[in-house]
Structure formats: structure tokens, C-alpha cells
Amino acid sequence: MKKLVIYYSHDGNTKFIAETIAREINADITELKTKKTMNASGLMKVGWGVRQLVSQSEPVLCAMEKNPTDYDLIIIGSPVWTYTFAPPIRTFLKNYSMLGKKIGLFCCHGGQKGKTLENMKKLLDGNMIIGECEFLEPLSYEKENNKKKAIVWAKKIVNE
Ligand SMILES: Cc1cc2nc3c(=O)[nH]c(=O)nc-3n(C[C@H](O)[C@H](O)[C@H](O)COP(=O)(O)O)c2cc1C
């Protein structure tokens with residue numbers, strides 16, 4: 001089974017989990033990168049993120065290094081932004097058909113994941129979702145436990 005981990009990460013938490021999972025299950029990995037990047041920090045960053053969400057934006061993505069259609073199992077990871085997934089994930093899900101793939105979903109958040117995974121599933125209507133997982137600020141809070149959690153989850157969905 002060919003496996004791919006696809007993620008967006010602004011501050012590295014989702015990247016950390018994505019890399020942990022990919023290493024553990026020997027999957028390929030690709031990062032969603034937006035053509036326009038955001039250099040703000042603190043409240044400016046939150047304001048920028050909220051504007052993106054309110055406008056339901058679909059930021060233009062750079063070309064991906066891997067083609068999802070070549071894979072059987074796809075694991076998608078997003079940070080939580082204002083209780084839902086980050087806008088680059090919307091661009092990705094709207095532009096690539098995941099039909100016929102096994103899908104695993106995860107998110108990283110600061111304690112309020114809201115409807116992130118539910119909203120991702122809405123855009124994946126008709127797909128086989130084989131697992132979901134969430135991680136609380138894995139880089140700054142219980143890093144090793146979050147790493148172990150990612151490994152256990154990844155092994156489980158590979159056997160689904
Ligand atoms: C614009 C913005 C909005 C956020 N909204 C939420 C939120 O609604 N709930 C939450 O728990 N964390 C929220 N966070 C925190 C991130 O989800 C959390 O720090 C996550 O681990 C970041 O992942 P990353 O390091 O991969 O970018 C928000 C962060 C940003 C920048």
C-alpha cells in the first residue's frame with residue numbers, strides 16, 4: 001500500500017506530527033505551501049488567519065512535490081484556525097479528488113479544536129475515513145507523549 005502524509009503547518013506543530021507519522025509508517029510526505037506567505041506574528045497573525053477564514057479563502061498553493069492520485073492511503077494534517085482547518089487545506093481538498101483513497105485526518109490545536117475534523121470530512125464526503133486524531137500543541141506541551149500518540153495512531157490506521 002502506497003502511503004502519503006500531506007500537511008500544512010505555520011508554526012511547526014503539524015509538521016512535527018506529520019514527520020513523526022511518515023517516519024513511523026514509511027510514508028512519503030509533502031507540505032502544502034502557499035504562494036503568498038504571511039510574516040506577521042502574535043495578534044497580527046491571528047487577525048490575518050481570521051480574515052482568511054471569514055473570507056473562506058482558498059490561497060493559491062505552490063506545486064506539490066507528490067501526486068496524491070499515486071497513493072492508496074492519504075493522511076492529511078492541519079492546524080486549527082478559529083475552530084476549523086487552515087485555508088490551504090480547503091484549496092487542496094477542493095482541487096484534488098480523494099475518491100477511492102483511504103483517508104486519515106489529524107489536527108494540532110491550542111485546546112479548542114472546534115469542528116476542524118468534522119469540517120474536513122464534509123469536504124471529503126464519500127471518502128473512506130479510516131481514522132482521526134488530534135494533538136495539543138505538540139512542540140510545546142508533552143512533546144514525547146504527543147509523539148508516542150502519533151506513532152500509535154499511525155500504526156493503527158495502517159492496519160485498518
Ligand atoms: C490564525 C490562528 C487561529 C487559531 N485558532 C485556534 C483555535 O480556534 N483553537 C485552538 O485550539 N487553537 C488555535 N490556534 C492555535 C493553533 O491551532 C496551534 O498553535 C497549532 O498547534 C498550530 O499548528 P502549526 O504549528 O502546525 O501551525 C490558532 C492559531 C492561529 C495562527
Side-chain angles (χ1 to χ4, degrees), residues 3-25 27-66 68 71 73-96 98 103-124 129 131-157:
K3 306 171 282 276
L4 177 65
V5 179
I6 297 176
Y7 70 96
Y8 172 75
S9 182
H10 190 270
D11 295 320
N13 290 279
T14 315
K15 180 183 174 76
F16 170 67
I17 297 296
E19 289 177 345
T20 300
I21 290 170
R23 225 177 6 252
E24 185 59 29
I25 62 173
D28 287 339
I29 183 165
T30 193
E31 180 177 8
L32 299 177
K33 292 184 186 148
T34 55
K35 286 211 165 160
K36 275 191 194 161
T37 51
M38 187 258 305
N39 294 316
S41 59
L43 278 179
M44 290 287 285
K45 180 171 73 176
V46 173
W48 178 85
V50 169
R51 279 198 301 283
Q52 295 265 311
L53 289 159
V54 169
S55 64
Q56 291 278 300
S57 82
E58 289 176 32
V60 179
L61 300 178
C62 301
M64 283 203 306
E65 288 162 11
K66 310 284 179 198
Y71 294 84
L73 167 62
I74 298 183
I75 297 172
I76 305 169
S78 176
V80 172
W81 279 15
T82 324
Y83 311 111
T84 189
F85 55 81
I89 298 288
R90 179 180 302 107
T91 312
F92 168 69
L93 291 177
K94 286 202 166 174
N95 286 285
Y96 287 86
M98 296 290 127
I103 310 275
L105 300 174
F106 76 90
C107 65
C108 295
H109 60 86
Q112 297 285 330
K113 74 178 168 62
K115 298 204 166 180
T116 302
L117 298 175
E118 289 90 328
N119 290 343
M120 283 166 92
K121 281 192 282 184
K122 276 185 201 159
L123 286 185
L124 285 160
I129 309 293
E132 296 167 33
C133 205
E134 54 163 300
F135 301 89
L136 176 61
E137 300 294 25
L139 281 182
S140 52
Y141 178 77
E142 299 198 340
K143 188 173 179 184
E144 278 310 305
N145 278 345
N146 274 304
K147 188 174 173 181
K148 279 185 204 149
K149 183 176 172 180
I151 289 171
V152 169
W153 180 66
K155 281 183 179 160
K156 183 168 175 272
I157 60 170

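All values below come from the heavy atoms of this structure, side chains included, with hydrogens, waters and symmetry mates left out. Position 1 is the first residue of the sequence, and the numbers go up from there. Whatever order the structure lists them in is the order used to number ligands and atoms, beginning at 1.
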Practice item. Would you check the N or O atoms of Gln112, main chain and side chain alike, for any that come under 3.5 Å of an N or O of ligand 1? Key: yes

Check your understanding: Who's closest to atom 11 (O) of ligand 1 heavy-atom-wise, of Gly110, Ala18, Gly12, Gly77?
Key -> Gly110

Review point. Is there side-chain contact between Leu123 and Ile89, with heavy atoms separated by less than 4.5 Å?
Key: no

Review point. By number and element, which atoms of ligand 1 are closer than 4.0 Å to a non-hydrogen atom of Glu137?
Key: 18 (C), 19 (O), 20 (C), 21 (O)

Revision key, fill the gap. Ligand 1 atoms nearer than 4.0 angstrom to some heavy atom of His10 are 24 (P), 26 (O), 27 (O)

Check your understanding: Can you tell me if Lys15 uses its side chain to pair, donor with acceptor, with the backbone of Tyr7 under 3.5 Å?
Key -> no

Study note, to complete from the structure: Under 4.0 Å from one or more heavy atoms of Thr14, ligand 1 contributes atoms 23 (O), 24 (P), 26 (O)

Review point. What atoms of ligand 1 come within less than 4.0 Å of a heavy atom belonging to Thr82?
Key: 3 (C), 4 (C), 5 (N), 6 (C), 7 (C), 8 (O)

**Study point:** Residue Asp11 vicinity, atoms of ligand 1 by number, heavy atom under 4.0 Å
**Key:** 24 (P), 25 (O), 27 (O)

Exercise for review: Establish, for the pair Lys66 and Tyr71, whether the NZ or CZ atom is under 6.0 angstrom from the six-membered ring centre and no further than 45 degrees off its axis.
Suggested key: no

Point to revise | Under 3.5 Å donor-acceptor, Thr14 side chain and Cys108 backbone | key: no

Exercise for review: Say whether, by atom type as modelled, one donor and one acceptor occur between the side chain of Asn146 and the main chain of Tyr141 under 3.5 angstrom.
Suggested key: yes

Check your understanding: For ligand 1, which atoms, with element, lie under 4.0 Å from some heavy atom of Tyr83?
Key -> 7 (C), 8 (O)

Check your understanding: Between Glu132 and Lys121, does at least one N-O distance fall below 4.0 Å, as a salt bridge requires?
Key -> yes

Practice item. For Ser9, take its heavy atoms, then give the atoms of ligand 1 lying under 4.0 Å from any of them. Key: 24 (P), 25 (O), 26 (O), 27 (O)

Practice item. Would you confirm whether Thr91, through its side chain, and Val60, through its main-chain N or O, come within 3.5 Å as a donor-acceptor pair? Key: no

Practice item. Consider ligand 1: state whether an atom of it lies below 4.0 angstrom from any non-hydrogen atom of Gly111. Key: yes

